[in-house]
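Read the numbers this way: they start at 1 and go in the same order the structure lists the ligands and their atoms.
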Amino acid sequence: MTTLWHGRFDHNPDDAMWALNASIGFDIRLAEQDVRGSLAWAAALKDAGVLTPEEHTRISEGLQAILAECRAGDFASQPGDEDIHTAVERRLGEFIGPLAGKLHTGRSRNDQVATDFRLWLLDALPKLQSAIRDLQAALVEKAETHLPPPSGGRAGEGVGGEVMPGYTHLQRAQPILLSHWFLSHFWPLQRDRERLADLRPRLATLPLGCGALSGTPYPVDRTALTNALGFDAPAPNSLDAVSDRDFAAEFLFAAALTGVHLSKLAEQVILYSSAEFGFFTLDDAFSTGSSLMPQKKNPDPFELARGKSGRLVGYLTGLLTTIKGLPSAYDKDLQEDKEPVFAAYDTLTALLPVLAGAIRTLTVNAERMESALDDFMLATDLADYLVGRGIPFREAHALVGQAVRRALETGIPLGALPLEEYRAVHPIFDESVYAVFDPRQSVARRKAIGGTAPEAVKAQIRLAKSKIAHQKS
Ligand code: ARG
């Protein structure tokens, strides 16, 4: 076996040590980025006078041939390849002979791997952003479908306008539009997408040209390299450049938080599609059955979303723990950076399209949803009724509390409590109190920006659509 560093060694690495040390098993995913980085480096070496134009041409042609193999899915590692950088250099030698050995002049695998990894993430981000965007689109579509029809028709007479209980502490709180609920899961995803876009300036900082740790002794134009590779700026400090994995940690934080958002959405869908709630029915295509209990229909995609969020959080804490306490510049610990990033990306890009499909196809059981509404959910509106008659809110709250207590004691719904009961609480009550007990009126009153009134939700949908008109964020 010939390693890139065999010169000072007497004999080969132990087999188990080799297996532990080699990263080719996972960093093969960086093949294309490694070749693109090398093409830019070869051009920089030519401009610095290190390679002759002829040498540069031959090296570039060899690298282009490898790039074509990568893109065709034909690039393969061999058992002696320690990592992707070794594999590409070995393959270049197979194409152009010993001249391949000039490519690594003035470069280290330390600045090389940091460059490859950043390039990979720059390539990967738009795919993840678009998968998030599609789930956002599914939520907006649902919100729009379930808006009240223009006639103001009620649920049960076709789709649209469904009012459901809004919960706090998982206790019935106030009525909301179902559309509003769908959109409540749109905005966290919008923030996730913006967070990924915000990574760009720190991610697109170029380590190449920083050498092993102290910089490169050749007159390489790092600004030209930056432009050639589509980065924003060259890293300003070579020691920092080869050790900086903040971009990976930031990505993993964004991925973990996306996972947490998906988990929260999932938990609610799981709950709402249980027999006890019965608000949603999942499509067969996005459910599974039981090997034993013939009646079962399980919300597996949502349970997997909830479950995988744990791993996504773990990837972040794992990397932060790896980075913490590293002494200086590159340390082999940093080889541990790639697997969590790949895994987080793979997890989310597998999950998001399934959730989008499951949301698009779920059906809403309007009657179940509406039958979960009760008069107590309008207690706040009742307090507002008193406020409208000049009673300070704090006092109104206490008076309605007494009415609630009467309703609980007598078992009579708040909206059916006799007028004398109300008047015993406060003489200001009159017949008009019964008009309060209409959940649609309650919803309609909340028309300030961000509220659940149909017109506010329509404005919210317009804003949401303008957000997803942007590919990235
Ligand atoms: N496989 C290594 C990694 O992923 C590449 C850098 C190796 N550098 C070194 N000095 N051994 O981090």
Side-chain angles (χ1 to χ4, degrees), residues 1-9 12-14 16-38 40-41 66 70 75-92 101 103-124 203 205-217 229 235 238-249 251-252 315 318-346:
M1 168 190 306
T2 310
T3 60
L4 293 178
W5 34 265
H6 61 278
R8 63 97 66 218
F9 284 81
N12 278 338
D14 170 82
M17 152 65 192
W18 181 257
L20 174 71
N21 188 53
S23 54
I24 188 67
F26 50 87
D27 66 18
I28 187 106
R29 283 182 80 160
L30 302 177
E32 187 176 325
Q33 289 74 21
D34 194 74
V35 177
R36 279 162 50 204
S38 289
W41 185 245
I66 303 174
C70 294
F75 181 78
S77 65
Q78 284 186 2
D81 295 336
E82 182 183 347
D83 54 26
I84 185 58
H85 325 295
T86 322
V88 169
E89 196 172 314
R90 188 244 326 133
R91 188 70 180 132
L92 185 62
L103 175 62
H104 210 55
T105 311
R107 181 176 73 169
S108 160
R109 284 183 295 168
N110 300 352
D111 57 345
Q112 189 178 359
V113 72
T115 302
D116 293 2
F117 195 21
R118 285 168 185 265
L119 266 178
W120 185 88
L121 209 45
L122 284 167
D123 291 344
L203 178 56
T205 299
L206 183 75
L208 197 59
C210 285
L213 72 161
S214 60
T216 188
L229 286 169
S238 60
L239 280 177
D240 176 45
V242 293
S243 74
D244 173 13
R245 295 296 184 274
D246 292 4
F247 65 94
F251 168 73
L252 288 176
Y315 298 140
L319 182 68
L320 287 173
T321 312
T322 294
I323 299 172
K324 166 199 154 300
L326 289 186
S328 159
Y330 181 85
D331 303 278
K332 196 57 174 264
D333 316 46
L334 290 175
Q335 182 165 285
E336 296 293 313
D337 61 357
K338 284 170 275 306
E339 286 166 291
V341 168
F342 293 155
Y345 174 81
D346 291 343

Please tabulate, for side-chain N and O atoms in residues 240-249, each donor-acceptor pair with protein atoms closer than 3.5 Å (sequence neighbours left out).
unit_1 : atom_1 : unit_2 : atom_2 : d
Ser243 : OG     : Asp240 : O      : 3.4
Asp244 : OD1    : Asp246 : N      : 2.7
Asp244 : OD2    : Arg118 : NH2    : 2.9
Arg245 : NE     : Asp337 : OD2    : 2.6
Arg245 : NH1    : Val242 : O      : 3.3

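- Of all atoms in ligand 1, listed by their number and element, those nearer than 4.0 Å to a heavy atom of His85 are 5 (C).
- At under 3.5 Å, a nitrogen or oxygen of Gln335, whether backbone or side chain, sits near a nitrogen or oxygen of ligand 1.
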Donor-acceptor pairs are to be reported for all side-chain atoms of residues 81-91 against protein atoms at under 3.5 Å, with residues two or more places apart or in another chain.
unit_1 : atom_1 : unit_2 : atom_2 : d
Asp81  : OD1    : Arg90  : NE     : 3.1
Asp81  : OD2    : Gln78  : N      : 2.6
Asp81  : OD2    : Arg90  : NH2    : 2.7
Glu82  : OE1    : Trp5   : NE1    : 2.7
Glu82  : OE2    : Asn21  : ND2    : 3.2
Glu82  : OE2    : Arg109 : NH1    : 3.4
Asp83  : OD1    : His85  : N      : 3.2
Asp83  : OD1    : Thr86  : N      : 2.9
Asp83  : OD1    : Thr86  : OG1    : 2.6
Asp83  : OD2    : Arg109 : NH1    : 2.7
His85  : ND1    : Asp34  : OD1    : 2.7
His85  : ND1    : Asp116 : OD2    : 3.4
Thr86  : OG1    : Asp83  : N      : 3.4
Arg90  : NH1    : Glu94  : OE1    : 3.2
Arg90  : NH1    : Glu94  : OE2    : 3.0
Arg90  : NH2    : Ala76  : O      : 3.3
Arg91  : NE     : Glu69  : OE1    : 3.0
Arg91  : NE     : Glu69  : OE2    : 3.4
Arg91  : NH1    : Glu94  : OE1    : 2.6
Arg91  : NH2    : Glu69  : OE2    : 2.6

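- Every atom of ligand 1 with a heavy atom of Asp83 under 4.0 Å away is listed here by number and element: 1 (N), 5 (C).
- Of all the atoms in ligand 1, the ones that sit under 4.0 Å from a non-hydrogen atom of Ser23 are 1 (N).
- For the atom pair CG (Leu122) and CH2 (Trp120), the distance works out to 11.0 Å, reported to the nearest 0.5 Å.
- Under the side chain to side chain contact (heavy atoms under 4.5 Å, CB included) rule, Leu206 has a single partner from Leu119, Thr115, Asp111, which is Thr115.
- Taking atom 11 (N) of ligand 1 as the reference point, the nearest protein heavy-atom neighbour is Arg109 NH2, 3.5 Å.
- Atom 10 (N) of ligand 1 has as its closest protein heavy atom Asn110 OD1, 3.0 Å.
- Heavy atoms from other residues, nucleotides or ligands lying under 6.0 Å from NZ of Lys332 number more than 12.
- Distance CG/Asp27 to CD/Glu339: 9.0 Å, rounded to 0.5 Å.
- In terms of protein heavy-atom proximity, atom 3 (C) of ligand 1 is nearest to Tyr330 OH, 3.2 Å.
- On a distance-only criterion, Lys338 and ligand 1 share at least one N/O pair closer than 3.5 Å.
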